[in-house]
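Notes to accompany the following structure.
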Amino acid sequence: MKTLLELITIEMKDAFKKAGYDEEFAKVTLSNRPDLCEYQCNGAMAAAKTYKKAPIMIANDVVGCLGENACFEMVEAVNPGFINLKINPSFVSEYLNKMSEDGKLGVEELEHPKTIIVDYGGPNVAKPLHVGHLRSAIIGESIKRILRFKGNKVVGDIHLGDWGYQMGLIITELEKRKPELPYFNENFEGEYPEEAPFTIGELEEIYPTASAYAKEHEDYREKALHATYLLQNGHRGFRAIWKHIMEVSVADLKKNYKNLNVEFDLWKGEADAQKYIPEMVEMLKEKGYAHYDDGALVVDVQEETDKKEVPPCMILKSDGAALYDTTDLATLVEREELYQPNEVIYVVDKRQELHFVQVFRCAKKTGIVKPETELQFLGFGTMNGKDGKPFKTREGGVMRLENLIREINEEMYKKIMDNRTVSEEEAKKTAQMVGLAAIKYGDLSNQASKDYVFDVDRFTSFEGNTGPYILYTIVRIKSILNKYQEENSLEGILIREASSVFEKALMLETAKFNDVIDAVYEETAPHKLCAYIYDLANAFNKFYHETKILSEEDETKKKGYLALLKLTKEVLENCIELLGFEAPERM
Ligand code: ARG
């Protein structure tokens, strides 16, 4: 289905042509003076230069040609040359009825869908999930859903950090604590135990202990580095430990991401890239892309136009170990082989931008990806506390994701219990749903690349631009519809011409849905979807306060209201689904 803006633009183009002007000037936009009009066209201003005429004359000509166009209730040329438009109420209601019938609420899928890999989440195995990983999960999940909604084939990959130095550290620490384990016996030839020699709790303690110890003790550090190297090169016992770490960690991660309503299609990681590394290194050497620098194998990626130095891509360390650059390149080899993506999007902390510049350049230059494959780095900003510094616990430590979620849920639970009379059990469940909306909306409503302040009080408020406010609005609509449905059916009811400014405002807002989706999709900008649902929720609540809905005596009018409510609810629900959260039945 064409968007409302597209339909209006078609009419406008027609009028420009009829008036003897080029239709390329007929661009219609939302009004930036909603007090005067609903849509506007500034094309006469731009056309003035081409036609050497006063813009108002051109605007008048075009308005003359729009005449009695059925689309518009009002068309007006105003000085110095704007064309102001108000849409005909019947045009809007018809449009909305078509939207209601359409399976995707009027959103058209792309004619040429792409295969897109979204690389997001990126937790590091054996380290607890912390708030830094929250943003990647939240933003990535939403982007994945938006891309998919437009019809693309999208694969979300968690890309675990499971192949680096932290693994060597854990192995080394484990050997220090339990040297008798068979993994450390070079002569052991039997089967290793099935069960991991540690729990997730222990694992989460082992890593920070080892990491701190290594910083103070050079020999320990060396040992951990060597263990990393041995692991990467097939040491049997270390691989077995690695498998244990993975099992224990991944089970825990799955639980955490499930609570966040984040779902990955692939649970691959850096380790999966290992098998592509030797051949890739051979290719890089053979074709002359890589050279040795101070013992390390590197590929230069500096370009003439660079204002700053871009250091070479590091392929192998002097001890032969693979690095972050290496696994990301080899992962591209793997993705190319398995999925042939048109595009790969990385949702990662913006402080890693340089790494991705290096990797992308190297991948393009060496033919690891095709020239037309799009590699996109979507860097996000830091989540700060109210003090403007990276978010910490009250004690100043790194905030674990689980604790943050618990804190929010408890806050929500209190509010829900304060306000309402629902059972404790229901309140708990609802608190979880609303809490998640508070966190996700709080994050997504900011432009991803910007830092933002995580403000528990503000995010959990039922008023203002928050997730709970949006959910509250949906719940309010649901309850009206449910009440109506106790004795009537919503089947077959139609939206009617608006009978008040409030109703029309709500209709126009609802009708924007597919225009908004297109903009959100093209700009990969979930924050614009948040801004939209905030406007839509406000438009609904204004209408609600000004209108007797269920007590309206005119039956046709009442049915029209309910049909509009139903569609508004569907649009809101669709949007929050794309943002990655859901609304409860009651609140
Ligand atoms: N594990 C990394 C980190 O915590 C993020 C991974 C991002 N994705 C990637 N393909 N490098 O910093």
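First listed ligand is number 1; within each ligand, the first listed atom is number 1.
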Lys450 NZ/CZ over Phe380 ring centroid, <6.0 Å and within 45° of normal: no

Do any side-chain atoms of residues 438-446 form donor-acceptor pairs under 3.5 angstrom with protein atoms, and if so which ones, sequence neighbours left out?
from: Lys440; atom 1: NZ; to: Leu260; atom 2: O; distance (Å): 2.7
from: Lys440; atom 1: NZ; to: Gly580; atom 2: O; distance (Å): 2.8
from: Tyr441; atom 1: OH; to: Asn465; atom 2: OD1; distance (Å): 2.5
from: Tyr441; atom 1: OH; to: Cys530; atom 2: O; distance (Å): 3.1
from: Asp443; atom 1: OD1; to: Arg135; atom 2: NE; distance (Å): 3.2
from: Asp443; atom 1: OD1; to: Arg135; atom 2: NH2; distance (Å): 3.0
from: Asp443; atom 1: OD2; to: Arg135; atom 2: NE; distance (Å): 3.0
from: Asp443; atom 1: OD2; to: Tyr452; atom 2: OH; distance (Å): 3.0
from: Ser445; atom 1: OG; to: Tyr441; atom 2: O; distance (Å): 2.7
from: Asn446; atom 1: ND2; to: Gly442; atom 2: O; distance (Å): 2.7
from: Asn446; atom 1: ND2; to: Asp443; atom 2: O; distance (Å): 3.4

Is there a donor-acceptor pair closer than 3.5 Å between any side-chain N or O of Asp306 and the backbone N or O of Glu303? yes

Does Asp252 form a side chain to side chain donor-acceptor pair (under 3.5 Å) with Tyr257? I'd like the steps, not just the answer. CA-CA 9 Å; Asp252 186 60; Tyr257 282 112; over 6 Å; no

So which residues, sorted by chain and number, lie with a heavy atom under 4.0 Å of ligand 1? Asp119, Gly122, Asn124, His133, His159, Tyr324, Asp328, Tyr346, Val348, Gln352, Phe356

Who are the salt bridge (charged side-chain N to carboxylate O under 4.0 Å, His left out) partners of Glu141, not counting sequence neighbours? Lys144, Arg145

Enumerate the ring pair (Phe, Tyr, Trp, His ring centres under 6.0 Å) contacts for residues 289-341, please, sequence neighbours excluded, ordered by first and then second residue. Tyr324-His355

